[in-house]
Structure formats: C-alpha cells, structure tokens
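In what follows, a structure is listed as structure tokens, so that the remarks can point back to it.
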There are 4 protein chains.
Amino acid sequence: MIGTRTWAIPEGYIPEESTGPEPEMESHETLCVLNAGDEEATLEITVYFSDRDPVGPYEKTVPARRTSHFRFNDFDEPEPIPTGADFATVIESDVPVVCQHTRLDSRQAENALLSTMAYPGE
Amino acid sequence: MIGTRTWAIPEGYIPEESTGPEPEMESHETLCVLNAGDEEATLEITVYFSDRDPVGPYEKTVPARRTSHFRFNDFDEPEPIPTGADFATVIESDVPVVCQHTRLDSRQAENALLSTMAYPGE
Amino acid sequence: MIGTRTWAIPEGYIPEESTGPEPEMESHETLCVLNAGDEEATLEITVYFSDRDPVGPYEKTVPARRTSHFRFNDFDEPEPIPTGADFATVIESDVPVVCQHTRLDSRQAENALLSTMAYPGE
Amino acid sequence: MIGTRTWAIPEGYIPEESTGPEPEMESHETLCVLNAGDEEATLEITVYFSDRDPVGPYEKTVPARRTSHFRFNDFDEPEPIPTGADFATVIESDVPVVCQHTRLDSRQAENALLSTMAYPGE
C-alpha cells in the first residue's frame, strides 16, 4: 500500500490570534494524512520546539481507506501547541500512510498559501 | 523513462462556489501529469474522503510525450467531487508518469498559490 | 556530489502578458538549478505540451559551484514557450545537479507564490 | 533517526529592503531544521551564487530533540548574504536532520508564501 510509517515536517507555526485583523483570518496549520490501506492507522505525533523538550505523543487515528486533515490549532492532548512559536513534527504510524503539510486560511476560497509533502522516513 | 506508476496526494479541497466574491475567483485544484514516454498512459484515479468510502476509479489518459493538467473541479465520472469537503487522491498509471499537485485561481496571472510534487509509490 | 542527472516538473504556465494589470505584475516561472560540483553542467531541457510534440532541447549551462535561476519566459532557442498554455519540463544534465521550480512575480518583495523541488529521476 | 546528513535548496533570494513598502513587509527566507535525534547537530552551510565563488561554511547548531528555524537574512559569519541576488544552499550535518525551506513575511499571520522540503542527499 502506498506510503511509509514515519514522516517529518520541520516547519510549523501557529500565529498568535491577535496578529490577524479578524478572527477568521487566522492561519490553519494542517497535517493531511491519507490512509489508502485496509487497516485503521494509529498515529503518534511528536511535536518538537526550539527551546524545550518535545511534547507527545498526540494520538490520532485515520480509518481504513480514508483521509484525515488535522489542524495543529486543535491539538489539545497532552497539551495545546503554543501560538507564536516555531515547532516541528514527527509522525509515526503503525501502517503505511502519506503525509502532506498545508497552511491555509479560511478568509476566502483561494487563500491556501503553502504546501509540501512531508519528508518520508524508512 | 522518468516517473513511476503510483502517486498519492493527501490534500485536496474544492471550495464551495459561494465562498468566492466572484465566480472567476474560485480556486482550481489541479493534477498535473507528465507522460514523457512513448506510450499513452491510462490513469485510474481514486478519490478518498474523511467520512465515506472512496470513489473511483476516474479514468484519464495522457498521450505519449504530452502533459495533461486535470482540474478536480471537472471530474464527473463516476460522480463529481463534492465542494467544501476534504479529499485525497491516489493515481495509478500503466506506464511511468510524474504527478504534481497545484492549486491556482484564475483571477490574475500571478495568483497560483500552492504546489507540491505528489508522493511517489514504488 | 549532491543531485542527480534527470529531473521533471509536470506543472508550467506562463500567463499571457495582457492578463496582468501592469507589466511588472506578470508571473515568472523559474527553474532554479544548483551545480555544487566541480565541473560545468550542460543541461538539455525538453518542454512538453498538452496538444503538440515536445520542443527542445533548450541548452543551458551552469558553471561549477554556481546556481543559475532560469526564467522560462526568457527561453528562445529553439523557440519561445507560448504564453497561456500548460507545459511540463524534463531537465537532463551531464553531471549531478539539483532542480527546484518556483513561480514568483516582481511586484513586491514578498510575492513569490509557489515552489517545489523537481522530481528526481535515477 | 529520521533524516539524512546532506540537503540542498537551489532557490534563495532575499529582497532588497527598499522594495517593501514598510520594513515589516520584507520577506524572510527561512531554513527549518529538525534534529529529532539524541545528539546535537553541527551544520555547515555553504551558500552558492550565480556569479562568484561560494561562501561558507556558515556554522549552526541544533540541539538534540529540537527544531531551529534559521533566517538567511540573519546570517553574518563569514559574511552577510547579499540582498537582491539569487543564491542556493547546501547543508551538511554531522548527524541526521530534516530540512525544509520556507519563505514567509511578518506582515500578517497568514502570509507565509512558499515552502518545500529540501532535496536530500545520500
């Protein structure tokens, strides 16, 4: 099945709410995961910072033959990801998945701003 | 010949028409396929969703030594891709091709907004 | 030396000049090539279209230990790349190089809009 | 540990300060590095130009289990990177890391504009 079990995204940043002129202008940092296989994927996501120990794992599941688009803004267990701070992410899955990192915002249809495939490990 | 037979794109989203201030501002989610080889490529595209079974295959062809840029907005067989919903895509080709995912909009020359190479399978 | 000899970029599009409100707003479709090695790289670039035979090779050189950022808008031999038409690119080099595809425009400092590493062949 | 020791980014460009209408609108060309391993990473970064010899190494460290987001605008030893000039980058690390290239600007929360994973060497 297409994909691999480990992925990394060095870039992450959730702007502080107050920097956007309107609440609906805040950015959404999104992890898009495709599980094209026939078994549910259990993800363990570790979040790395510049100046303190990593936090995690955040546990997520992606059902078989489904895609899930997770917003880092909504992560809350074991703790929310702080705004205004650089972070990075490692995703480990028990079955092969494909991960893409996209930042988009909800103001208008066309304002998704960046995207890259995550870096696949072995 | 450069390329491979399987590709995945975890991120996909066609905005609802009404979210753009003008019809010409709607985003176009595009799959760019290069077939640099000497045989026509037959593609089978499966579209994955967050909350229901995948749909497909959508069948497309790319002639030998040609590039085709497909808009997900125009997919209609077996059914259109719903707007306002997350999706993901797996492309399977009978000959090696190269796939890139680009979102662009038609308002101005310079407003293409994101692009990434698709993830290549074996 | 880092890199490989064959690269592909499925997505390419040079807007028609008239679509930009000002000449300086036209998009620039750029191929960024890094030759980190000790020998000059000779590139042969083939441009693929949706509805006619490929054109090329366009010949370019990148000196040893240099980077060259080529604008597709400026390609002229054997013929200019038409505006308003989808194209794709294959780059073949006689020594290893690294290729990245970026679209940027010259209106403001910050308005580069998309970028992705090209797809590496063997 | 996820990552590799050599990475390349063919595209780089720091706009001249004067091109932005306000100081806070200048672009930031950023190298995001994730060191998910248990040893500090020492990076040697070489910057390539179009018309002169490469400069470097710029030495940077990323602590164990940390991410560091470096702005090329802030590089100063052995010399600042000139504005208004194309450059490219090779990153060599003594332990495996993952590198991503992002251009963002500080005007608003949502205006990060391009990102791609760097090209991994062996």
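Letters go in sequence order (proteins before strands), and every chain restarts at 1.
Taken to the nearest 0.5 Å, the OG1 atom of D:Thr102 stands 10.0 Å off from the CG atom of A:Asp86. Within the model, atoms CH2 of A:Trp7 and CE of D:Met117 stand 9.0 Å from one another, a figure rounded to the nearest 0.5 Å.
Closest non-hydrogen pair, D:Gln100 versus A:Glu11, comes out as OE1-N, 3.0 Å. The shortest heavy-atom contact between A:Pro10 and D:His69 is O-NE2, 3.0 Å. Pairing each heavy atom of D:Ile2 with each of A:Tyr119, the nearest pair is CD1-O, 3.9 Å.
Atom CD of A:Glu40 sits in a crowded spot, with more than 12 heavy atoms from other residues, nucleotides or ligands closer than 6.0 Å. Few gaps surround CD on D:Glu79; more than 12 heavy atoms of other groups in view lie less than 6.0 Å from it.
No other option in A:Thr116, A:Thr89, A:Val90 has as many heavy-atom pairs under 4.5 Å with chain D as A:Thr116.
When the heavy atoms of residues 46-54 of chain A are compared with those of chain D, the residues falling under 4.5 Å are A:Tyr48, A:Phe49, A:Ser50, A:Asp51, A:Arg52, A:Asp53, A:Pro54, listed by number.
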